[in-house]
Amino acid sequence: MRLSAILSLLFLLLCKAQASSVTIEQLTCEHLSNPLGMDITRPVLGWQLQSPERGQFQTAYEIVIGDDAAQVRKGVGNQWTTGKIASAQSINVIYNGKPLRSFTRYFWSVRVYDRQGRASAWSPLAWFETAMLSAADWKARWISDGKPLPEKDGDFYKDDPMPVFKAALQIHKPVQTARLYIAGAGYFEAYLNGTRIGNDVLSPGWTNFDKRILYRVYDITANLKKGTNIAGLLLGNGWYNPLPMKFWGVYNLRNALTVGRPVVKAQYHIVYTDGTRETLITDDSWSWKEGPVIRNSVYLGETYDGRRGNESWLQRAPGSQDKKAFVAAGPRGRLVADLQPPVRVTGVIKPVAVREVAPGKYVADMGVNFAGVARIRLKAREGTRVSLRYGEDVYKNGEVNGMTAVAGQIKKRNGGPGAPAVAWQEDQFIAGGRGTEVWNPRFTFHVFRYVEISGWPGRPTVNDIEGLQMNADVPAAGVFECSNPLFNKIQENTLRTFKSNIFSVQSDCAGREKFGYGGDLFCTLESFCYNFGMYNFYRKSLQDFEDDQRPLGGITETAPYVGLHDQGPGDQSGPLGWQLGYPYLVKKLYEFYGDKRVVEKYYPSLTKQIRFLEDSAKAYLYENDISDHESLDPKPVALTASLFYLHHVRLMKEFSALLDKQVEARRYAMLEAKIRTAVLQKFYRGKGVFDNQTQAAQLFPLWYAIVGEKEKPAVLQRLVQAFAVKKDHVSTGIFATKMMFDVLRENELDALAYTVVNQEDFPGWGHMVRQGATTLWETWKYSDNTYSQNHPMFGSVTEWFYRSLLGINATAPGFKTFYIRPQTDNGLQFASGSYETPYGRIKSAWQKKEGRLFLKVTIPVNTTAEVWVPAADGDVLQDGKNTAGQKNIVFLRSEKGCRVYRLGSGNYAFSGGLKK
């Protein structure tokens, strides 16, 4: 071998030895993979790292961004080139390049430097595409069918065929890209040449339409053909044109919401391969006709007349006989690109049985309770009307019991003029008589396990009906399983409940109300975040709260605001615990995803809110609140209201300090101390007793840490006694139930939490399971008439699975640092699971075997963790060897029967001796 060849080989080997083992994946922009159509001018970027080496982390990064993919692949960007930035930051890196342009796709790549300073290879190419970065980019007009709204409430309940619009688009050159930008007030479906565009449903999301209207972006390049193309749009009422039903006989949504006749605004952007562009916009040149959806309500359901089918009309060019669309004023809200995960059909559920319960009346049992609609397949004579009535339960005679999901508790003709005597969930299909027809509703959603079928031609079978499960298509983030089948079933039921209640808002129930309550959000948002990627879903929720903030600063009970303000401090604001959902969500979005922008963005609004709460307080306390909703014990109302106020102030102290507003932080700290003193003086009875000494009364002060170290043991003892009185069953409502898990975990009482969750008789999660529930109930007690059987507010139990049984807990925003301390001193033989953080997947799995506990953990690259290994005798092995001297394993201390280690990234397998 020649000397030059030897030198070349040595050089290659040296380069290989010096190359980083770190690889880059999961590139995100605004926490999304390759987002199509966003209007944020300075988006945040992030990436995840992988390495077979333990203890790896990032010391620097380089980003290149440009509009030329080939150049970016070479490490050259004409939009932003950072150069080498010495930083460990790999999430929420704010774009700081040239101003972005509308309607442009930008490509980007990143490389990082590991702990040894070695450069990784450039990442695979990622991209993001801008939409309308300026209001001036919108050229389209709002269009409608021009019909006036009914003058009498009763007339809203009559047949009202929804409009279908169309326009011709001529394509005579090869198309490079084509996009549809579309906004609606009310729901829309878009078509090209008779084919539906996109796979989302119930778009756009519900907002205050006079403040904000979400628009969606679709890639329609593959839908266009050479020659004449027919663009079509079908509208539904959605939340913009609700029925004037009086909820609980009192609240008419039309008095609180921005309402009007459904309208749509759309722009079709075509870029040809020769560089020329063309745009089609909605205006009065569009044609319209009455469509087949002749009734539609988000609550009562939909009626579809198959004799009015759109199919041929949506494939035929407009003619002189067609009616012209009306240009409408539309709502006043600003148009914002929708980054929230769209609602989609996420599952198809087959019935387990179809039974005849009366002549001509059949009931399909879907086997589980869920949110969505039914899809039917039938062959019937023209004009045949088939009715589908939905319910969560059945009566003893097998007929559907829909009473737990009746809209607004309208059951005794209390819904106002024209409203049905009972506000059932019901859909109707009128056959077109054209062979086999397949249909499902478009502009409504229900909650149900059972479907009562009437008017069917013949006898329906399990092959003729199926359930379309619908929910916001949030990505899965967590996995949990254990050796206790009851806990696995509770987890399954909780996830099904959660999915049933995330459409464009996180709802209380998917049938009766469908509202975004702040209190329910507060109690479950961490459970949602451990199970799903909730960043963009919840960011939309935050804006809903700010949009509906009251003039004096209070936050509404629901967002969007529907007129409810039960036990609030005035100005139609919500009760203290429900207002707390807003700032608590700000805090948790920052903690789970590490994005400080949410604190910066909403700080002015939160400042306005806290001023209102200060002005409303009396001697630093509050007396009124809904309190611990659905508690089985008498509620300590004033105690909980005052502590909710304390929490508002405490959060503002934290936010002020985070934003380096030290003067404000000190002021909030002083106010916090005054509230704490006032609470203790009024509600602490001495000898560990707070207020009425119920579970909630003891839990609230402990969760808020207002108890001094001297008094704390007595307060805890009284708490344990409060559970013992109930034979270790829960009697708390939604707030104290969430607090219970935290308090017991943090005070070495997690064995009690295990006992409480493991109960199979009333009250508790196990009782629901043993009663056949497939979702969580609104109340601990079974209800067959009033209360929902699919309600997420007691879902805080799943947070306990992750934080206690798996032991995964953050100690820095985004889980940059965290600890794993699984609670193993219980009846479980194993537990395993994972949680997907912005940095990567954390895994925790443990098993008891042959007198030892085996714990396997995975720490993502660019993070560090503190891992607690149970070891009764102090004998801990890692990969079967003594931990002493092993690289990247730092022994910290022995504490509470565990050996505590600090670990860098990597996979580890520990074992330690169990208690005898």
Side-chain angles (χ1 to χ4, degrees), residues 143-145 147 149 156-165 182-191 196-207 209 213-216 232-245 253-254 257 259-264 266 288-306 308-310 314 338 342-345 371-376 386-390 405 407 423-430 438-448 467-472 503-505 507 510-511 514 560:
I143 59 173
S144 77
D145 58 12
K147 294 181 182 178
L149 292 171
F156 278 91
Y157 297 89
K158 296 179 179 178
D159 285 354
D160 179 17
M162 287 290 100
V164 186
F165 300 90
I182 178 170
Y187 293 139
F188 63 74
E189 284 189 351
Y191 294 82
R196 173 82 195 282
I197 300 299
N199 60 2
D200 53 313
V201 296
L202 303 177
S203 290
W206 182 19
T207 58
F209 295 109
I213 303 159
L214 301 177
Y215 67 88
R216 298 204 64 81
L233 302 169
L234 172 62
L235 301 191
N237 287 317
W239 295 98
Y240 189 59
N241 193 29
L243 294 170
M245 293 188 299
L253 298 186
R254 299 187 70 85
L257 301 178
V259 296
R261 188 75 185 162
V263 292
V264 67
W288 78 278
K289 69 180 282 268
E290 291 185 341
V293 178
I294 60 176
R295 289 192 186 195
N296 72 107
S297 161
V298 290
Y299 290 105
L300 298 188
E302 181 175 314
T303 300
Y304 182 93
D305 191 341
R308 295 168 168 262
N310 301 320
L314 283 176
D338 188 4
V343 178
R344 292 190 172 104
V345 174
V373 295
R375 179 164 62 192
I376 57 175
V386 176
S387 296
L388 307 173
R389 179 176 291 182
Y390 300 82
W424 308 106
Q425 303 176 90
E426 187 170 13
D427 298 321
Q428 296 193 348
F429 174 74
I430 303 170
V438 179
W439 173 80
N440 59 266
R442 290 167 164 80
F443 300 131
T444 191
F445 61 101
H446 309 295
V447 62
F448 63 101
L468 302 183
Q469 178 181 338
M470 295 155 57
N471 55 268
F503 281 70
S504 59
V505 301
S507 60
K514 311 185 187 218

Ion pair check, K147 and E290, cut-off under 4.0 Å: yes
Ion pair check, D160 and R295, cut-off under 4.0 Å: no
Does a donor on one side chain and an acceptor on the other come within less than 3.5 Å for [X] and [Y]?
X: Y390; Y: D427; result: yes
X: R344; Y: N471; result: no
X: Y191; Y: E189; result: yes

Taking all non-hydrogen atoms of both residues, which atom of [X] and which atom of [Y] are closest, and how far apart?
X: L234; Y: V164; value: CD1-CG2, 3.5 Å
X: G301; Y: H446; value: CA-CE1, 3.7 Å
X: F443; Y: G236; value: CD1-CA, 3.6 Å
X: V505; Y: P560; value: CG1-CD, 3.7 Å
X: D200; Y: S203; value: OD2-OG, 2.6 Å
X: S504; Y: G205; value: CB-CA, 3.5 Å

Side-chain (Q425) to main-chain (V447) donor-acceptor, under 3.5 angstrom: yes
Between [X] and [Y], is any pair of side-chain heavy atoms under 4.5 Å apart?
X: V293; Y: E302; answer: yes
X: P242; Y: N237; answer: no
X: P161; Y: R308; answer: yes
X: N241; Y: L149; answer: yes
X: F429; Y: I376; answer: yes
X: D145; Y: R261; answer: yes
X: L243; Y: Y157; answer: yes
X: V264; Y: I182; answer: yes

Residue pair R375, V438: steps toward the side-chain contact (heavy atoms from CB on, under 4.5 Å) verdict: CA-CA 7 Å; R375 179 164 62 192; V438 179; 3.9 Å; yes
Within this structure, what is the [atom1]-[atom2] distance for the pair [X] and [Y], rounded to the nearest 0.5 Å?
X: R216; Y: I197; atom1: CZ; atom2: CD1; value: 13.5 Å
X: L468; Y: N440; atom1: CG; atom2: CG; value: 5.0 Å
X: E426; Y: S387; atom1: CD; atom2: OG; value: 5.0 Å
X: L202; Y: T444; atom1: CG; atom2: OG1; value: 8.0 Å
X: D305; Y: D159; atom1: CG; atom2: CG; value: 8.5 Å

Worked check of ring-ring contact (aromatic ring centres under 6.0 Å, His included) between F445 and W239: CA-CA 12 Å; F445 61 101; W239 295 98; 7.2 Å; no
CA sep, side-chain torsions, deciding dist, call: L214, T207, side-chain contact (heavy atoms from CB on, under 4.5 Å): CA-CA 8 Å; L214 301 177; T207 58; 3.9 Å; yes
Identified ring-ring contact (aromatic ring centres under 6.0 Å, His included) partner of Y240 from the options Y187, F209, F188: F209
Residues L235, F165; criterion side-chain contact (heavy atoms from CB on, under 4.5 Å); working and verdict: CA-CA 9 Å; L235 301 191; F165 300 90; 3.7 Å; yes
Distance under 6.0 Å and angle within 45° of ring axis: K514 vs Y299: yes
Step-by-step side-chain contact (heavy atoms from CB on, under 4.5 Å) determination, R442 to V201: CA-CA 7 Å; R442 290 167 164 80; V201 296; over 6 Å; no
